[in-house]
Every structure is written in C-alpha cells, then in structure tokens.
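What follows is a short report on a single structure.
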Amino acid sequence: MSYKALYKSWQDNPAAFWMGAAQAIDWVKPPSKALFDDKAPFYEWYADGQLNGCWNAVDRHVQAGRGDQAAIIYDSPVTQTKQQITYAELQTRVASLAGALRAKGVEKGDRVLIYMPMVPEAVEAMLACARLGAIHSVVFGGFAANELAVRVDDAQPKCIIAASCGIEPGRIVHYKPLLDGALDIASHQPDFCVIFQRDQEVAKLEPGRDVDWHAFQYGVDPAECVPVAGNHPAYILYTSGTTGQPKGVVRHTAGHLVSLHWTMKNIYNVQPGGVYWAASDVGWVVGHSYICYAPLVHGNTTVIYEGKPVGTPDAGAFWRMIEEYKIKCLFTAPTAFRAIKREDPEGKLMGDYDLSSLQSLFLAGERADPDTIEWAQRHLGVPVIDHWWQTETGFAIAASPLGVEALPVKIGSPSVPMPGYDVQILDEGGHPVAPGELGAIAIKLPLPPGTLPTLWNAAERYQKSYLDQFPGYYATGDAGMKDEDGYLYIMARTDDVINVAGHRLSTGAMEEVLAAHPNVAECAVIGVKDDLKGQLPLGFLCMNAGANRDEAEVTGEVIKLVRDKIGPVAAFKLAVVVDRLPKTRSGKILRGTMAKIADGEDYKTPATIDDPVILDEITSALQRVGYGGR
Ligand code: COA
Ligand code: AMP
C-alpha cells in the first residue's frame with residue numbers, strides 16, 4: 001500500500017481504521033466502537049473496552065511462546081553492567097513487584113510516582129503499575145527536589161518508587177536525598193516509598209515510610225493483570241507549559257496501546273523479535289512510548305542504555321551498542337548525533353564496528369538540522385527519518401512511514417501527516433494559509449487514539465491551552481508550513497517553550513525562579529541558538545534600585561537558583577544584567593526581538609516599541625557573554 005492510500009483509508013473511514021488497528025492487541029472485552037464523542041471537544045477512544053497494559057506488553061508474549069526472547073537489554077557503561085531479561089523473567093519480576101505494591105494497598109486508579117534512572121527496574125515499575133491499573137507518573141532524574149514536589153502535590157501518589165541514586169558521568173545524582181527534600185516541601189505525602197538500592201550509593205531508609213525494593217517483595221503473592229476500561233488513565237506525564245506549573249498530560253490505556261503497536265511496523269518498520277533502541281530516558285515521552293510500551297507491546301526487544309552518546313567512554317558508544325545487540329532501528333534526538341559528530345567529525349570510530357544490522361535511524365524531539373541529517377545519512381548509509389511529535393500526542397504526528405512506503409526525504413521536513421492527524425497551517429484568524437506560507441500548526445479534532453484526552457486535574461487548562469485558540473482544532477504550539485506536496489516544516493514554538501538538547505523547558509518557569517531572587521526587579525529568559533544543544537536559555541536581569549551588587553555575583557546566584565529549583569537539566573548557565581528590558585508601549589517584553597539579536601539575525605525594530613535605544617543596550621549586554629552579532 002502507498003502512503004497516500006493508507007492516509008486515504010483513514011480519512012475515508014477513521015472508525016474502521018482504528019477498529020482494525022485495535023485488533024492487534026488483546027482485549028478482555030473488545031470495545032463496541034472506536035470513538036466516543038459525546039463529551040466533545042473531550043474525545044475518548046475505545047472507552048467501553050476492557051484490557052490490561054501489562055498483559056499486552058508482557059504476559060501475552062510469554063503465552064505466545066516468546067518467553068525466552070530478551071524483552072529488555074540493559075547496558076550501562078557508567079556502572080560497567082550488562083544484563084538481559086527475557087519476557088518470562090520480566091513477567092515474574094513485574095508480577096512480584098505488583099504483588100508487593102498491592103499488599104501495601106496500591107489499587108486500580110491510585111497514582112504511583114516513579115523517580116528512577118535508566119535501569120530495568122524503572123520499566124518494571126511502570127509495568128507493575130499497569131498490571132494493577134495504578135496510574136504511574138515518571139519524573140525525569142535531572143529535575144530538582146522542587147519540581148518533584150510540584151508533581152507530588154498535583155498527582156497525589158499513594159506510593160513513590162525511587163532509586164537510591166543515578167549516575168551522570170563524573171558525579172552521582174543523589175535521588176534519595178532529592179526525594180526526601182521534595183517530600184519536605186510537598187503538602188501531599190505518600191503512604192510509602194519503595195527504594196531500589198544501588199551499589200554506587202546506598203540510601204538511608206526512613207523507618208515507617210520507606211521500604212526496600214527487594215525486601216518488600218519477600219513472600220508476597222504475585223499479582224495477576226487487573227482489567228481496566230479503555231479510557232482508564234495509564235499514566236500522567238508532566239511536561240513544560242508556559243508557567244512554572246507543569247502540565248499533567250494524561251494517557252488513556254487502550255488508545256495508547258493500539259496506536260503505539262500500529263507505529264512499530266508502519267512507521268519504524270520492525271518485526272516482532274527485532275531489537276529496537278530508543279536512546280532517550282524513561283522520564284520523557286520518547287522513553288514512555290519507545291523504551292517501555294511500544295517495543296514490548298509489539299514483541300520486540302527494547303534497550304535500556306545508561307550512558308551518553310559521547311564520553312562513556314567515547315563517541316563510538318552508539319556503534320558498539322548497534323554491533324553488540326544487532327540493533328535494527330535506532331531512535332534518538334539530533335543533539336546526540338551533533339555530540340558524536342563534534343567529537344568524531346569523520347565518523348572514524350564507526351569503522352571499528354559492524355553496523356550491518358541497522359536498518360534505519362529516526363530523529364525527533366527538536367528540529368533536525370540539515371548538517372546532522374546529511375552526516376548521519378553519509379556515514380550510516382541507512383534511511384534517516386526526521387519525525388515530529390510531542391508529549392501530548394505520544395506518537396508521531398508527521399513522519400515517513402518506512403514500513404508502508406519510504407517517501408522521498410526532504411531535508412528540513414519531518415515529512416507528512418500520519419493517519420489520525422489532519423494537520424492544517426492556520427493564520428491568526430484560524431483560516432488555512434496557502435502552501436509555503438507560515439502559520440500556526442493545528443490539528444483538526446478529534447486527535448487519534450493515544451493522544452492526550454485532557455490534563456490531569458485541569459480540564460479547563462486543557463481547553464484553554466490547546467482548544468480555545470482555534471475552535472475545532474488542537475493547537476500544537478508549533479509554527480511552520482506545508483509545501484505543495486503536503487510535507488510539513490516545523491519552524492518555531494509559538495509559546496515560551498524552548499528545546500535544550502531535546503529536552504522541553506519553559507522559559508516562563510525559569511523567569512519565575514529569577515524573579516524570586518531578592519535583588520531582581522524584573523527579568524526575561526529567552527532561548528538562544530547553540531551548536532550542540534539546539535538552544536540554550538539566557539536570562540536578562542534588571543536589578544532593584546539601590547541593590548548595588550556585583551553583576552557576576554548576582555548572575556552566579558541566579559544560575560545556582562535555577563539549578564536548585566528546576567534542576568541541572570535546565571542547563572541555565574547564561575545570565576546578564578541590564579538596566580531595562582525592551583517592551584512594547586503596552587508593556588509586553590519583546591523576547592522575540594531579543595532572541596533575534598542574540599542569534600545575530602536581522603531584526604526589525606518593532607513599531608510598538610517603547611524606546612528603541614534599549615535594543616542597543618541589549619546588544620552590548622549580549623556581546624559581553626559572547627552572543628549578539630558574534
Ligand atoms: N539525572 C540527573 N542529571 C541529569 C540527567 C539525569 N537523568 N540527565 C542530564 N542531567 C544533567 C547533566 O549531567 C548536566 O548536568 P551538568 O550541568 O552538571 O553538566 C545537565 O543535566 C544538562 O544535561 P544535558 O543538557 O543532557 O547535557 P550534557 O552535557 O550532560 O549532555 C548530550 C549532552 C548531547 C550528550 C546529551 O544531552 C544527550 O545525550 N542528548 C540526547 C538527547 C536526548 O536523549 N533527548 C531526550 C529526548 S529524545
Ligand atoms: P516534547 O513534548 O518534549 O516531545 O517536545 C515537543 C516539541 O519538540 C514539539 O512541539 C516541537 O517544538 C519540538 N519537536 C519535536 N520533534 C521535532 C521535529 N522532528 N522537528 C522540529 N521540532 C520538533
């Protein structure tokens with residue numbers, strides 16, 4: 001089938017398309033229909049079906065004779081550990097963990113927060129929740145205690161599962177002290193915490209609250225899979241919005257399993273049994289969808305890699321992995337390839353390895369720059385597919401569906417919309433623009449199965465953030481265009497979100513932290529271009545009158561403040577003091593103009609600017625830190 005025929009088959013009859021796709025997963029009770037639109041614009045899929053996520057990811061493969069196949073390959077250069085877990089072993093381990101959680105009172109609908117590094121136990125914890133119908137919420141390890149506390153208060157977990165520590169090159173990340181710190185700040189307290197002790201740092205357990213991962217499983221009955229409704233939340237994943245309060249993206253069980261299963265063959269072109277590696281982190285959506293659920297639901301072997309593309313030990317790390325595990329499909333963020341390319345521009349280290357198993361490379365999470373794509377194409381000699389998606393959608397909005405038809409690649413474009421997505425480029429009034437014209441990228445409702453049905457505890461915010469701007473559409477927050485052939489081009493965010501090393505961050509959240517510094521009267525944070533990480537945050541500070549502080553001291557303090565409050569992942573290391581911020585006459589800070597100056601791009605002085613001279617002051621402040629017309 002061609003891509004066009006596939007897309008048309010969905011357009012002609014979306015219900016039949018998604019009911020067909022639903023047959024690939026196991027149901028306790030099949031749904032009576034695909035779409036439930038009685039609460040539109042809140043849509044649900046397969047709502048009256050009954051199923052279990054863990055059954056679909058684990059047990060059914062054991063039943064079907066895949067028990068001896070590796071479900072998980074764990075490779076950790078930072079601890080010198082390698083381990084393989086078969087589907088049969090995974091079933092035993094997850095059933096035992098779920099049994100222990102159940103014995104301590106975790107039931108269907110309870111929230112369980114997971115704060116763990118890239119170890120198999122992180123995926124097992126997710127699957128144990130799915131087994132019980134508990135709703136997991138995984139928090140990325142690079143966030144600080146305060147961010148963890150915000151998520152604890154919003155999700156109100158009955159239990160928190162954490163590791164004693166994580167390992168970043170050159171330092172131990174003290175997960176347990178970070179967790180203790182978060183619980184000191186949070187208003188909500190879990191009934192208990194399960195701590196996975198690692199050899200690299202054994203944590204002190206809080207008597208009466210903390211239990212040891214292994215000890216609390218001793219002697220418990222393993223848990224069976226609990227059937228849940230198709231619209232039962234499988235997980236909440238917090239992502240950056242425009243303020244310090246992250247958005248709790250909800251994922252319903254059935255739609256998520258059906259759509260992810262569909263993508264494995266149709267987009268990634270892998271067959272059950274093949275080794276699939278998403279080099280990301282379980283704390284991000286890529287990790288949820290393509291380290292945990294999709295490969296397992298499809299019967300593939302998934303890879304948990306606790307290391308970096310460079311420095312663990314060198315820029316050949318990815319190639320070693322491909323050779324050692326005969327990886328067929330690799331999915332990562334362009335940043336990882338930029339890091340490798342920077343260390344090994346000629347790709348010399350590739351020559352040391354047999355990369356013949358690799359059939360494709362998929363890139364997402366941020367804009368893939370042409371240099372990186374061409375470098376990967378040239379050196380790997382396999383299709384390099386840029387695809388575009390978001391935490392909210394859970395799978396690709398646009399891609400080249402390699403398992404259906406390898407479309408011609410247009411560098412700079414993540415190709416074409418996938419079935420389920422009617423993508424339109426709209427002007428400010430919500431009218432579609434002509435091909436080649438820039439506009440806001442919106443998707444006609446309903447979104448397909450597996451995409452967010454709402455935000456956790458925040459239905460109004462869901463409506464306001466995504467649905468109100470263009471009635472009848474979901475606003476993606478991205479701006480871009482479509483060409484004559486229907487290829488999409490994703491150019492920029494329309495909100496305060498920036499993308500640093502493939503990590504989505506809110507400049508609004510950073511501004512809230514800067515504004516809390518006692519000497520800061522006013523501030524703004526923008527994203528500036530960076531050759532490695534795509535973007536970096538840069539803060540402008542106006543000090544209180546009479547503060548009389550040394551600039552370097554204050555910038556040092558705010559940098560530390562962002563690291564302490566948001567976390568190292570914010571990569572906030574650039575700040576400058578200015579007398580005033582450029583604003584419109586109505587008081588709106590001209591962040592876009594400042595970003596253009598920082599990136600050395602041409603800009604027009606906005607007609608509405610209050611005082612154009614300020615732009616010269618901004619330029620010289622930026623030049624002091626190496627930006628703005630370098
Ligand atoms: N736990 C704790 N801290 C973490 C962390 C984690 N899981 N992940 C990152 N951090 C820390 C890093 O140690 C770094 O701290 P530092 O300021 O003390 O050096 C900081 O957060 C920023 O991390 P990052 O932006 O990732 O930079 P880096 O210099 O450590 O690594 C790359 C650069 C390119 C190697 C790395 O960003 C990378 O591999 N990116 C791939 C992109 C990716 O996986 N994206 C996920 C979405 S697909
Ligand atoms: P996240 O929710 O963290 O996955 O971030 C989603 C955002 O990352 C999108 O809204 C885009 O701004 C950006 N993004 C993801 N994939 C791509 C891509 N292939 N090209 C351009 N931008 C992308």
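Both ligands and their constituent atoms are indexed starting at 1 by order of listing. In this text, all values refer to a predicted model and were calculated from it rather than measured experimentally.
- Polar contact check, Arg171 against ligand 1: a nitrogen or oxygen pair lies under 3.5 Å apart.
- Residues Phe318 and Trp277 bring their aromatic ring centres within 6.0 Å.
- Among all non-hydrogen protein atoms, the one lying nearest atom 33 (C) of ligand 1 is Lys533 CE, 4.3 Å.
- The ring of Tyr290 has its center closer than 6.0 angstrom to the ring center of Tyr268.
- For atom 5 (O) of ligand 2, the closest non-hydrogen atom of the protein is Arg504 CD, 3.5 Å.
- Ring centroid separation for the pair Tyr474 and Tyr421 does not come in under the 6.0 Å cut-off.
- Here the heavy atom of the protein found nearest to atom 12 (O) of ligand 2 is Asp478 OD1, 2.6 Å.
- Of the heavy atoms in Trp284, none comes closer than 4.0 Å to ligand 2.
- Remark: atom 36 (C) of ligand 1 lies closer than 4.0 Å to no protein heavy atom.
- Remark: among candidates Glu168, Glu343, Arg563, Arg338, the nearest residue to atom 16 (P) of ligand 1 is Arg563, based on non-hydrogen atoms.
- For Gly365, the heavy-atom gap to ligand 2 drops under 4.0 angstrom.
- When hydrogens are left out, the protein atom nearest atom 8 (O) of ligand 2 is Asn499 ND2, 3.2 Å; that is the closest non-hydrogen contact.
- Here the straight-line distance linking atom CZ of Arg504 with atom OG1 of Thr239 works out to 3.5 Å at 0.5 Å rounding.
- Put simply, part of Pro309 is less than 4.0 Å from ligand 1, judged by heavy atoms.
- The protein non-hydrogen atom at the shortest distance from atom 20 (C) of ligand 1 is Pro568 O, 3.3 Å.
- In this structure, the protein non-hydrogen atom closest to atom 1 (P) of ligand 2 is Thr391 OG1, 3.4 Å.
- In Pro117, neither the side chain nor the backbone holds a heavy atom less than 4.0 Å from any atom of ligand 1.
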